[in-house]
Amino acid sequence: MPYIVFLLQASFLESRASTLNKIMDALRDYNINLIGVWGMAGVGKTTLLKQVAQQAKQQQLFTRQAYIDLSSIPDSEKLRQRIAKALGLTLWRKDESKRADELKQRLMEEGKILIILDDIWREVDLEQVGIPSKDDIWTQCKIVLASRDGDLLCKGMGTQICFPVEYLSLEEAWSLFKKTAEDSVEENLELRPTAIQVVEECEGLPIAIVTIAKALKDETVAVWKNALEQLKSCAPTNIRAVGKKVYSCLEWSYTHLKGDDVKSLFLLCGMLGYGDISLDLLLQYGMGLDLFDRIDSLEQARNRLLALVEILKASGLLLDSHEDRHNCDVERASSLLFMDADNKFVRMHGVVREVARAIASKDPRPFVVREDAGFEEWSETDDSKRCTFISLNCKAVHELPQGLVCPDLQSFLLHSNNPSLNIPNTFFEGMKKLKVLDLSHMHFTTLPSSLDFLANLRTLCLDGCELGDIALIGKLTKLEVLSLVGSTIRQLPNEMVQLTNLRLLDLNDCKQLEVIPRNILSSLSRLECLSMISSFTKWAVQGESNASLSELNHLSYLTTLSIEIRNAKLLPKDILFENLTRYVISMGKWRGLKTKRALKLKKVNRCLYLGNEISKLLERSEELEFWELSGTKYVLYPSNRESFRELKHLRVGDSPEIQYIIDSKDQWFLQHGAFPLLESLILQTLKNLEEVWHGPIPIGSVGNLKTLNVDSCPKLKFLLLLSMARGLSQLEEMTIKDCSAMQQIITYERESEITEDGHVGTNLQLFPKLRYLELKNLPQLINFSSKLETTSSTSLSTNARSTGSFFSHKVSFPKLEELTLKNLPKLKDIWHHQLPFESFSNLQILRVYKCPCLLNLVPSHLIHTFQNLRKIYVKYCELLEHVIVLQEIDGNVEILPKLETLMMKNLPRLRWIKDGNDSMKYFSSLVTLMNIQYLKELHITNCRMEDLRKM
């Protein structure tokens with residue numbers, strides 16, 4: 001079946017749409033597992049691959065898929081780890097030689113998988129990585145490779161089919177240019193001839209077209225003509241795989257950036273290696289280099305950085321990272337400073353990076369990136385002495401030269417595959433103007449003594465280092481940024497009391513840090529950001545040798561704080577947090593932080609005075625967790641009227657005294673509502689919880705809720721009153737499990753609450769956006785919605801219409817994609833015979849397990865409804881006789897046209913053929929199953945087989 005796909009830039013580029021369709025056809029071809037895509041730098045390979053990934057996801061061709069940029073991955077082991085992480089797989093073997101086999105086995109077991117490997121520069125041994133061979137007949141793993149070198153893919157790596165990505169035709173180039181520069185270029189008759197010539201100079205390369213179009217948008221005709229003259233007069237370049245026209249376009253865009261700060265940031269990004277670039281790292285380097293002029297605070301520097309990044313993105317010189325890395329890379333965790341940023345990482349196109357480095361190297365005070373080969377000889381040249389920025393990549397050498405005489409050097413970044421690389425004690429003596437030093441991932445018993453010469457150093461990064469004695473840091477009195485993220489530091493040196501100019505101290509993931517001598521923190525009087533998540537927890541009470549939390553009162557500039565505390569009693573009542581704008585204060589480990597203001601309170605008695613400052617933080621928190629909460633039966637009650645107005649995520653667990661989440665009978669709540677911004681509500685192990693919401697539901701409450709999870713609440717008989725459920729119009733995911741008393745999910749007090757208009761199917765449009773619903777281990781659950789009874793629990797069960805269908809005609813789920821029903825012993829009939837219009841019409845995955853009273857799964861009257869159903873899993877249903885039933889269905893009606901997978905297991909009463917009345921047909925014969933157009937997987941295990949003999 002041909003697919004005509006128009007996405008992003010391909011929406012008006014026919015050549016790209018054609019190539020995209022051919023790649024998608026190859027992905028559907030069972031005989032093709034290894035696909036190549038090649039083309040010169042800047043021609044649009046990455047954009048095309050992103051569209052392939054998006055199409056594969058939309059069409060649900062694969063169960064899992066991963067996109068990997070190989071430019072930043074040095075070896076097979078790193079690639080193996082990245083693939084496993086991207087696919088959500090865990091590799092347990094520690095022996096590297098066996099991990100390839102482990103990954104291969106996992107990929108073979110996981111079903112249909114797509115792996116896209118972009119920007120390949122040299123041959124990659126896929127077998128060594130653990131990717132199944134294209135010749136393996138059992139694999140369902142498809143690999144797409146992209147490179148600038150077609151021979152590398154077709155001959156070197158043996159792709160079965162290779163697709164070239166060609167230059168754009170002039171017509172397509174003009175279309176792309178107009179879309180980027182906006183159509184005013186065509187309407188301006190004076191500008192149009194010049195614009196067309198500019199496009200011709202771009203030679204059909206999208207990266208040149210987009211970059212120059214963004215740079216020229218809204219400029220005068222004179223500027224356009226000047227740009228055209230420069231493009232025509234460009235000289236050849238010596239940059240690998242970068243043509244002179246591309247270089248000229250990018251250089252012109254750089255030259256016309258407005259402001260030295262944005263130009264400096266562009267060059268800085270070009271120096272920072274391959275792959276994604278952390279905004280935290282850019283901030284730390286930028287602070288050290290005085291990149292942000294007239295900035296008084298860290299918060300202002302952060303905001304300025306984000307503004308500069310947006311300018312570069314708008315110019316086409318920077319891009320968003322390939323993925324939303326909310327749970328950030330373990331190599332550099334994101335701090336709170338960028339927790340609320342749209343994207344915490346940026347990236348630079350490989351071509352743009354090469355051009356940035358070329359521009360930087362021609363500067364009178366050059367920036368250079370050097371490899372270790374020949375470095376010692378180069379360090380003795382005059383060129384090295386003029387450098388202001390050096391990024392050194394060490395791959396083979398075991399020792400650096402005795403010294404590097406660079407009197408104007410401001411930044412030195414060392415990247416080494418060998419953490420034991422020896423740095424001589426004299427190495428830094430000739431760099432007295434150095435402001436930024438990054439020696440991350442090295443081993444230091446003691447720091448090189450020549451650090452003492454770096455009196456102007458402002459940023460020092462020792463992330464991931466194995467550290468011993470670092471007392472020398474105390475002599476770096478101008479230091480403003482100190483990052484020890486993920487290092488093995490065990491004790492901060494007393495000499496740190498001299499770092500009175502320090503503004504940012506990042507100790508995240510210093511899991512071995514146990515000693516912070518008293519008075520060190522209080523001495524850091526200019527500190528604005530202190531980060532200590534997954535780090536030091538041995539806070540002392542005042543007067544003991546270790547640091548105490550009361551020292552934070554001396555930090556009057558502190559605005560960003562992330563700390564872990566073992567016990568709430570360690571929090572001083574008089575602690576001052578009034579200046580905090582970003583904070584994480586956690587009693588215990590915190591996983592999956594989502595916001596910039598979060599509290600996790602454990603073993604807290606709400607009857608006791610927590611302190612005014614902590615109470616204020618409660619009121620402003622966007623994310624809250626309560627564990628083992630005591631002294632109250634409500635989480636939110638009238639004394640906290642102003643609390644939780646900004647709350648987005650709430651989790652409550654292991655709190656046996658809690659009976660209600662909120663008491664809304666108070667008049668103030670009735671007028672103002674509660675939780676107006678709440679996005680997720682998670683309730684776990686609340687053994688005495690009786691109602692989520694006690695009292696009437698105020699207007700404007702929980703209207704933004706997207707995720708609702710309830711687990712192990714044994715006294716909860718229903719989840720939501722109808723009046724509350726009506727307000728959950730944004731709800732997307734609902735999971736209810738292990739609630740032994742729950743009899744219905746939604747209940748209402750009177751039938752009159754439902755507006756009857758004489759037409760079934762228009763009654764309860766409760767969850768118009770619900771995509772995922774899981775109901776699991778609910779032994780008393782009878783139906784999804786019913787009238788609230790006030791009698792005993794026994795009569796309640798009887799009066800809850802136990803003989804009716806689980807989903808009545810009064811509830812509609814138009815967007816539901818995934819439904820799981822597990823261990824519901826009272827479930828007899830899932831669907832009402834007259835469901836509302838479009839209810840369940842988008843259902844794609846249906847799982848039904850351990851429902852011993854269920855008789856039929858998909859009845860005939862719903863065949864036309866389940867047109868999008870792709871997968872059915874049904875297991876351990878002792879009385880189930882029919883999985884799919886056809887009853888007087890027109891022969892022209894398509895039967896589950898998208899069904900790909902049908903799994904039936906342990907169905908002892910499953911009937912294959914219905915004997916007797918010929919007008920009653922049961923869609924159960926293997927022959928009929930095999931005739932479903934897209935059915936790819938049929939699993940039948942421990943099902944009754946005797947009727948098969950009648951076929």
- Message: For the CG atom of Leu457 and the CZ atom of Phe428, what is their distance to the nearest 0.5 Å?
- Response: 9.0 Å

- Could you verify whether a donor N or O on one side chain and an acceptor N or O on the other, from Ser545 and Arg518, lie under 3.5 Å apart? no

- Task: Output yes when a side-chain donor or acceptor of Asp711 lies under 3.5 Å from a complementary backbone atom of Leu683, and no otherwise.
- Result: no

- When you check the side-chain N and O atoms of Lys715 and Asn688, is any donor under 3.5 Å from an acceptor? yes

- Task: Find the distance between CG (Leu439) and CG (Leu467) and round it off to the nearest 0.5 Å.
- Result: 10.0 Å

- Query: Under the ring-ring contact (aromatic ring centres under 6.0 Å, His included) test, which residues partner Phe577, sequence neighbours left out?
  - Reply: none

- Message: Can a donor-acceptor pair be found, under 3.5 Å and without considering hydrogens, that links the side chain of Asn777 to the backbone of Cys739?
- Response: no

- Message: Strictly distance-based, threshold 3.5 Å: is any side-chain N or O of Arg302 a donor or acceptor partner for the main-chain N or O of Leu337?
- Response: yes

- Query: Judged by atom type as modelled, is there a donor-acceptor pair below 3.5 Å linking the side chain of Glu551 to the main-chain atoms of Ser522?
  - Reply: yes

- Nearest heavy-atom approach of Leu336 to Ser562 is CD1-CB, 4.0 Å

- Message: Between Lys600 and Glu564 (salt bridge meaning N to carboxylate O under 4.0 Å), is one present in this structure?
- Response: no

- Message: Quick check against the 3.5 Å criterion: does Ser655 have a side-chain atom that pairs as donor or acceptor with the backbone of Leu629?
- Response: yes

- Query: Taking all non-hydrogen atoms of both residues, which atom of Ser535 and which atom of Asp509 are closest, and how far apart?
  - Reply: CB-N, 4.3 Å

- Task: Report, as yes or no, whether the 6.0 Å neighbourhood of atom NZ on Lys706 holds more than 12 heavy atoms from other residues, nucleotides or ligands.
- Result: yes

- Taking the side chain as every heavy atom from C-beta outward, state whether Glu690 and Tyr660 have any atom pair closer than 4.5 Å. yes

- Query: ring-ring contact (aromatic ring centres under 6.0 Å, His included) with Phe412: which residues, sequence neighbours excluded?
  - Reply: Phe427

- Heavy atoms, side chains only, cut-off 4.5 Å: are Leu527 and Tyr557 in contact? no

- Task: Using a 4.5 Å cut-off on heavy atoms from C-beta on, say whether the side chain of Asn553 contacts that of Ile575.
- Result: yes

- Task: List the steps and the verdict of side chain to side chain donor-acceptor pair (under 3.5 Å) for Ser621 and Tyr583.
- Result: CA-CA 9 Å; Ser621 291; Tyr583 55 85; 3.2 Å; yes

- Nearest-0.5 Å distance that lies between atom CD1 in Ile489 and atom CG in Leu507: 9.0 Å

- Query: Between Arg347 and Asp276, does at least one N-O distance fall below 4.0 Å, as a salt bridge requires?
  - Reply: no

- Item | Worked verdict on Phe444 versus Ile470 for side chain to side chain contact (heavy atoms under 4.5 Å, CB included) | CA-CA 9 Å; Phe444 294 108; Ile470 62 169; over 6 Å; no

- Residue pair Leu618, Leu599: steps toward the side chain to side chain contact (heavy atoms under 4.5 Å, CB included) verdict: CA-CA 7 Å; Leu618 272 173; Leu599 285 180; 3.9 Å; yes

- Item | Side-chain heavy-atom pair Asp261, Arg304 within 4.5 angstrom cut-off | yes

- Taking all atoms of both residues into account, what is the closest heavy-atom pair of Ile533 and Asn508, and its distance? N-OD1, 2.7 Å

Contacts under 3.5 angstrom, residues 287-297 side chains, donor-acceptor by atom type, not counting sequence neighbours:
from, atom 1, to, atom 2, distance (Å)
Asp290, OD1, Arg458, NH1, 2.3
Asp290, OD1, Arg458, NH2, 3.0
Asp290, OD2, Lys435, NZ, 3.4
Asp290, OD2, Arg458, NH1, 2.6
Ser297, OG, Gln300, N, 3.1

- Would a distance-only check, ignoring hydrogens and angles, find a side-chain to backbone donor-acceptor pair under 3.5 Å from Asp469 to Pro493? no

- Query: Judged by atom type as modelled, is there a donor-acceptor pair below 3.5 Å linking the side chain of Ser416 to the main-chain atoms of Pro419?
  - Reply: no

- Task: Could you please spell out the steps behind the side chain to side chain contact (heavy atoms under 4.5 Å, CB included) verdict for Leu460 and Ile473?
- Result: CA-CA 9 Å; Leu460 176 61; Ile473 283 178; 4.1 Å; yes

- Message: Quick one, Leu719 with Met734, criterion side chain to side chain contact (heavy atoms under 4.5 Å, CB included). Give me CA distance, side-chain angles, the key distance, then yes/no.
- Response: CA-CA 11 Å; Leu719 182 62; Met734 182 190 295; 4.3 Å; yes

- Nearest heavy-atom neighbours spanning Leu716 and Val692: CD1-N, 4.4 Å

- Item | Pair Asn343, Ser321: side-chain N/O donor-acceptor within cut-off below 3.5 Å | yes

- Message: Tell me whether Glu480 is salt-bridged to Arg503, with the criterion being a basic N under 4.0 Å from an acidic carboxylate O.
- Response: yes

- Message: Taking the basic N atoms (NZ, or NE/NH1/NH2) and the acidic carboxylate oxygens, is any pair closer than 4.0 Å for Glu299 and Arg582?
- Response: yes

- Between Ile661 and Leu650, is any pair of side-chain heavy atoms under 4.5 Å apart? yes

- Check ion pair Lys344-Asp280 (N to O, under 4.0 angstrom): no

- Note on the structure: Nearest heavy-atom contact between Ile277 and Cys269 is CD1-O, 3.7 Å

- Could you tell me whether the side chain of Val309 reaches within less than 4.5 Å of the side chain of Leu265, counting heavy atoms only? yes

- Message: Under the side-chain contact (heavy atoms from CB on, under 4.5 Å) test against Leu681, which residue among Leu708, Val702, Asn709, Leu731 passes?
- Response: Leu708

- Under a 4.5 Å cut-off applied to non-hydrogen side-chain atoms, are Leu272 and Leu413 in contact? yes

- Item | Under 3.5 Å donor-acceptor, Glu657 side chain and Gly631 backbone | yes

- Message: So, applying side chain to side chain donor-acceptor pair (under 3.5 Å) with Asn456, which one of Lys478, Gln410, Lys433 is it?
- Response: Lys478

- Any chance the side chains of Asp463 and Ser483 put a donor and an acceptor closer than 3.5 Å? yes

- Side-chain heavy atoms of Leu476 within contact of Leu482, under 4.5 Å: no

- Message: For the CG atom of Leu492 and the CD atom of Glu514, what is their distance to the nearest 0.5 Å?
- Response: 12.0 Å

- Item | Test: Lys616 and Glu578 ion pair at under 4.0 Å | no

- Note on the structure: CG (Leu451) and NZ (Lys475) are apart, to the nearest 0.5 Å, by 10.5 Å

- Query: How long is the gap from CD on Glu623 to NZ on Lys596, to the nearest 0.5 Å?
  - Reply: 11.5 Å

- Query: For Trp693 and Glu691, does a side-chain donor sit closer than 3.5 Å to a side-chain acceptor?
  - Reply: no

- Which atom names give the shortest non-hydrogen contact between His649 and Leu647, and what distance separates them? O-CD1, 3.4 Å

- Message: Determine whether a donor-acceptor pair (N or O, by modelled atom type, separation under 3.5 Å) exists between the side chain of Arg597 and the backbone of Arg620.
- Response: yes

